[in-house]
Amino acid sequence: MNQQFDIVIAGSGPAGCAVAISLRHFNFSVVVIDEVNPKQLKVGESIPSAVQRLLYKLGISGIDQLLPTSAYHSCYANESAWGMEHWITKDGISNPEGNNWQVSRNEFDEALRDVAVKEGVVFKSDKVTKVSEYENDTHLFLYHIGLKKSSEILKGKWFIDASGRSANLLKQLGAERLFFEKQFAAIVWLKMKEKDKLQTTRIKTVKHGWWYTSKLPNNLRVVVFHGMIKEVSYYKKNKEKFNKALDQSGLLPFKITPKDYYSEIVVKDASISKLKRVNLNRCLAVGDAALAFDPISSQGIFFALYSGIKVAEVITKNEKTLSNDFTVYQKAIDKVFEANQQARKYYYSLEKRFKNQDYWKQYALVSDELLNN
């Protein structure tokens, strides 16, 4: 059996859901395809307060409408020991939009999926394995979407790749991905009760990379080491070495023990990459598929929602004008990337103690002009 929709979306994270919810407001027929494990822990838990404006656009009055109080809490301050040993604290009291939040990421994604379904989005628990395009009698590009679990073929006037930083589906159609500085992340979730009193988010640079930690809802804490694949892989295979390096870093004011581990150490690609073109005909990328940030920016969820809403605006306009003009979206993504790159390179260049180490050499070529601006 074949089914046809106006919009077919691969991926049900914040970016895919933002597209789906926005387009349902204009009565497009939308299907979202994703294999979801709602219990699976995810990184990307930091939400800047500015995301409130994007939630409004999705018809969500605030994070308290989206999530139960057990699934989020305010982040009142960030601490950093970047390029130095002592800690610098920046609180959120001066932010006119209020404090940032730390969320249970799997619950955040699930809540957005629930909103999408209530808006009339069709959800299929499956995986898109193949995308092909063809032109119909009116010379309109349509997409055939093959699924992993089902023999049915979905058809769509528009296809949205919200499948993550690999953007494998657009690659099938010939998209080119550009890669920049490389890094990987060794991630573990801890569950501690009495001894974990640290309420701030922390980042700290070390010889081979940098550490990050944040306390999450439900007594969980995420700890991440960012570095080259050699060090990250070493820590994944050697939990004791990971613990020792974490202790020596001074990231946490207490030691962790094996009984504190809530998960195994997992490794993720945390490199910076983007599509050279974020669309191929009526196939568009959103979120990490379009542009994957450095985790230092803490902008992943914000950008996912922003790009999803932006794509919905582009589709709505193109449907009204019967055109295929994607220049506004391309320019918006390029502008975000360029601003983020400049800020990120400046920030990384502040760490001068380890400039001869492989990880930090990537950022040692920042010009004096950039440093002085």
Side-chain angles (χ1 to χ4, degrees), residues 7-24 30-48 50-52 54-73 75 100-128 160-167 169 185 187 189 214 216-218 220 222 224 262-263 266 268-270 285-293 295 297-309 311-312:
I7 319 291
V8 179
I9 302 171
S12 65
C17 285
V19 180
I21 295 167
S22 299
L23 288 173
R24 281 300 301 151
V30 184
V31 60
V32 174
I33 305 121
D34 200 356
E35 287 184 306
V36 176
N37 177 2
K39 301 292 185 182
Q40 183 176 352
L41 295 172
K42 294 182 179 181
V43 288
E45 63 287 328
S46 297
I47 301 183
V51 85
Q52 188 89 353
L54 301 179
L55 293 178
Y56 285 152
K57 289 189 175 184
L58 297 177
I60 302 167
S61 62
I63 196 167
D64 55 343
Q65 181 192 348
L66 185 66
L67 293 172
T69 54
S70 62
Y72 74 96
H73 61 230
C75 178
N100 299 336
W101 298 294
Q102 302 299 116
V103 300
S104 172
R105 178 59 191 275
N106 54 316
E107 292 183 73
F108 181 86
D109 289 7
E110 186 70 11
L112 281 178
R113 283 191 287 270
D114 289 343
V115 172
V117 171
K118 288 177 182 177
E119 291 285 350
V121 174
V122 176
F123 180 80
K124 290 183 178 290
S125 180
D126 212 324
K127 182 178 180 180
V128 177
I160 309 299
D161 189 343
S163 62
R165 64 175 60 228
S166 64
L169 300 172
I187 308 157
W189 284 268
S214 182
L216 307 177
N218 302 320
L220 289 180
V222 63
V224 188
Y262 186 76
S263 73
V266 297
K268 297 288 185 181
D269 186 351
V286 293
D288 283 350
L291 169 58
F293 286 99
S297 69
S298 296
Q299 293 293 311
I301 291 179
F302 184 90
F303 176 72
L305 296 174
Y306 166 79
S307 62
I309 293 169
V311 157

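Scope of the values below: all heavy atoms of this structure, side chains included, with no hydrogens, waters or symmetry mates.
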May I ask you to decide if [Y]'s main-chain N or O and [X]'s side chain share a donor-acceptor pair within less than 3.5 Å?
X	Y	value
Ser307	Gly287	yes
Asn106	Pro38	yes
Ser104	Pro217	no
Arg165	Ala292	no

Rounded to the nearest 0.5 Å, what's the gap from [atom1] on [X] to [atom2] on [Y]? Could you check?
X	Y	atom1	atom2	answer
Leu54	Ile301	CG	CD1	11.5 Å
Ile47	Gln299	CD1	CD	11.0 Å
Ser61	Leu55	OG	CG	9.0 Å
Ser263	Leu220	OG	CG	9.0 Å
Leu23	Ile160	CG	CD1	7.5 Å
Phe108	Cys17	CZ	SG	9.5 Å

Inspect the contact between Arg105 and Asp109 and indicate whether a charged nitrogen and a carboxylate oxygen are less than 4.0 angstrom apart. yes

Evaluation steps, side-chain contact (heavy atoms from CB on, under 4.5 Å), between Ile187 and Leu41: CA-CA 11 Å; Ile187 308 157; Leu41 295 172; over 6 Å; no

Side chains of [X] and [Y] in contact at under 4.5 Å (non-hydrogen atoms):
X	Y	result
Val51	Trp101	yes
Leu169	Val128	yes
Ile33	Val8	yes

Counting heavy atoms not belonging to Lys127, are there more than 12 under 6.0 Å from its NZ? no

Evaluate Leu58 against Val115 for side-chain contact (heavy atoms from CB on, under 4.5 Å), listing each step before the verdict. CA-CA 9 Å; Leu58 297 177; Val115 172; over 6 Å; no

Closest heavy-atom pair and its distance - [X], [Y]:
X	Y	value
Val32	Ser12	CG1-CB, 3.7 Å
Tyr72	Asp64	OH-CB, 3.4 Å
Ser298	Pro48	O-CD, 3.9 Å
Pro68	Glu107	CG-OE1, 4.5 Å
Pro14	Leu112	CA-CD1, 3.7 Å
Arg113	Glu110	NH2-OE1, 2.7 Å

side-chain contact (heavy atoms from CB on, under 4.5 Å) evaluation trace for Ile9 with Phe123: CA-CA 10 Å; Ile9 302 171; Phe123 180 80; over 6 Å; no

Aromatic ring pairing Phe303/Tyr306, orientation class (parallel under 30°, perpendicular over 60°, tilted between): tilted

What residues, two or more places apart in sequence or in another chain, satisfy side-chain hydrogen bond (donor to acceptor under 3.5 Å, both in side chains) together with Ser46? Gln102, Tyr212

